Amino acid sequence: MTEEDFKKLESRIYAFSVDVFSFVKTLIDNGLASEYSRMLLDTSNQLYSTFIDAFENDGELNRIVVKRCEQLSDSCSDYLTRIE
């Protein structure tokens with residue numbers, strides 16, 4: 001993954017996290033938040049934080065961290081489908 005690709009993906013994950021925050025905040029403000037919406041918020045925040053750690057200081061892709069990001073993404077998708 002090039003540095004440019006990394007930056008594009010980082011930007012998309014960041015935008016996703018901001019969108020999730022806004023979505024969950026709207027649910028909370030309208031009294032519609034559930035356990036899944038709160039879990040979605042926590043997981044999307046964790047996804048962004050984990051992704052930033054995907055490259056070690058020497059610029060090498062850390063495959064273990066990338067796998068964790070994939071798992072967190074799957075969890076976000078699952079939580080989104082469970083929110084009514």
Side-chain angles (χ1 to χ4, degrees):
M1 180 180 291
T2 67
E3 185 176 339
E4 184 177 322
D5 291 338
F6 177 82
K7 287 180 181 180
K8 285 180 185 177
L9 188 53
E10 184 270 337
S11 178
R12 289 179 180 166
I13 292 173
Y14 178 78
F16 173 75
S17 294
V18 170
D19 288 343
V20 166
F21 175 81
S22 178
F23 173 64
V24 172
K25 174 100 171 78
T26 300
L27 291 175
I28 290 170
D29 289 349
N30 290 301
L32 300 172
S34 68
E35 176 185 352
Y36 293 119
S37 56
R38 294 177 202 283
M39 291 169 72
L40 170 63
L41 179 61
D42 291 342
T43 304
S44 70
N45 288 336
Q46 187 178 5
L47 170 60
Y48 180 72
S49 297
T50 303
F51 180 78
I52 296 303
D53 295 334
F55 282 82
E56 298 171 340
N57 292 335
D58 61 2
E60 290 297 315
L61 184 63
N62 183 329
R63 301 249 181 239
I64 294 170
V65 176
V66 170
K67 184 67 176 168
R68 178 67 181 140
C69 287
E70 290 173 356
Q71 292 168 341
L72 290 166
S73 297
D74 289 344
S75 293
C76 285
S77 177
D78 182 52
Y79 297 141
L80 279 167
T81 60
R82 292 172 184 252
I83 294 173
E84 294 182 15

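Just so you know, these numbers come straight off a predicted model, no measurement behind them.
- Checking side-chain atoms of S77 against main-chain N and O of S73 turns up no donor-acceptor pair under 3.5 Å.
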Between D5 and L9, is the side chain to side chain contact (heavy atoms under 4.5 Å, CB included) condition met? List the steps. CA-CA 6 Å; D5 291 338; L9 188 53; over 6 Å; no
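- No donor-acceptor pair closer than 3.5 Å links the side chain of S17 to the backbone N or O of N45.
- The line from CE of M39 to CG of L80 is 12.0 Å long, rounded to the nearest 0.5 Å.
- For the atom pair I28 CD1 and F21 CZ, the distance stands at 8.0 Å (nearest 0.5 Å).
- Of all heavy-atom pairs between V24 and S37, the closest is CG2-O, 3.4 Å.
- Taking every heavy atom of both residues into account, T43 and C76 meet most closely at CG2-SG, 3.7 Å.
- Here CD of Q46 is found 5.0 Å from CZ of R68. Values are rounded to the nearest 0.5 Å.
- For D29 and K25, the salt-bridge test passes: some basic side-chain N is under 4.0 Å from an acidic carboxylate O.
- Taking every heavy atom of both residues into account, L41 and V20 meet most closely at CA-CG1, 3.9 Å.
- In this structure, F16 places its CZ atom where more than 12 heavy-atom neighbours from other residues, nucleotides or ligands lie under 6.0 Å away.
- Note that CZ of R12 is 13.5 Å distant from CG of D19, once rounded to the nearest 0.5 Å.
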Would you sort out whether Y48 and S44 count as a side chain to side chain contact (heavy atoms under 4.5 Å, CB included), showing the intermediate values? CA-CA 6 Å; Y48 180 72; S44 70; over 6 Å; no
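- For the pair T50 (side chain) and L47 (backbone), a donor-acceptor distance under 3.5 Å is absent.
- The CD atom of E10 sits 7.5 Å away from the CD1 atom of I13 when rounded to the nearest 0.5 Å.
- One distance of note links CG of D42 with OH of Y79; it measures 9.0 Å at 0.5 Å rounding.
- Looking at T81, its side chain does come within 3.5 Å of a backbone N or O of D78 through a donor-acceptor pair.
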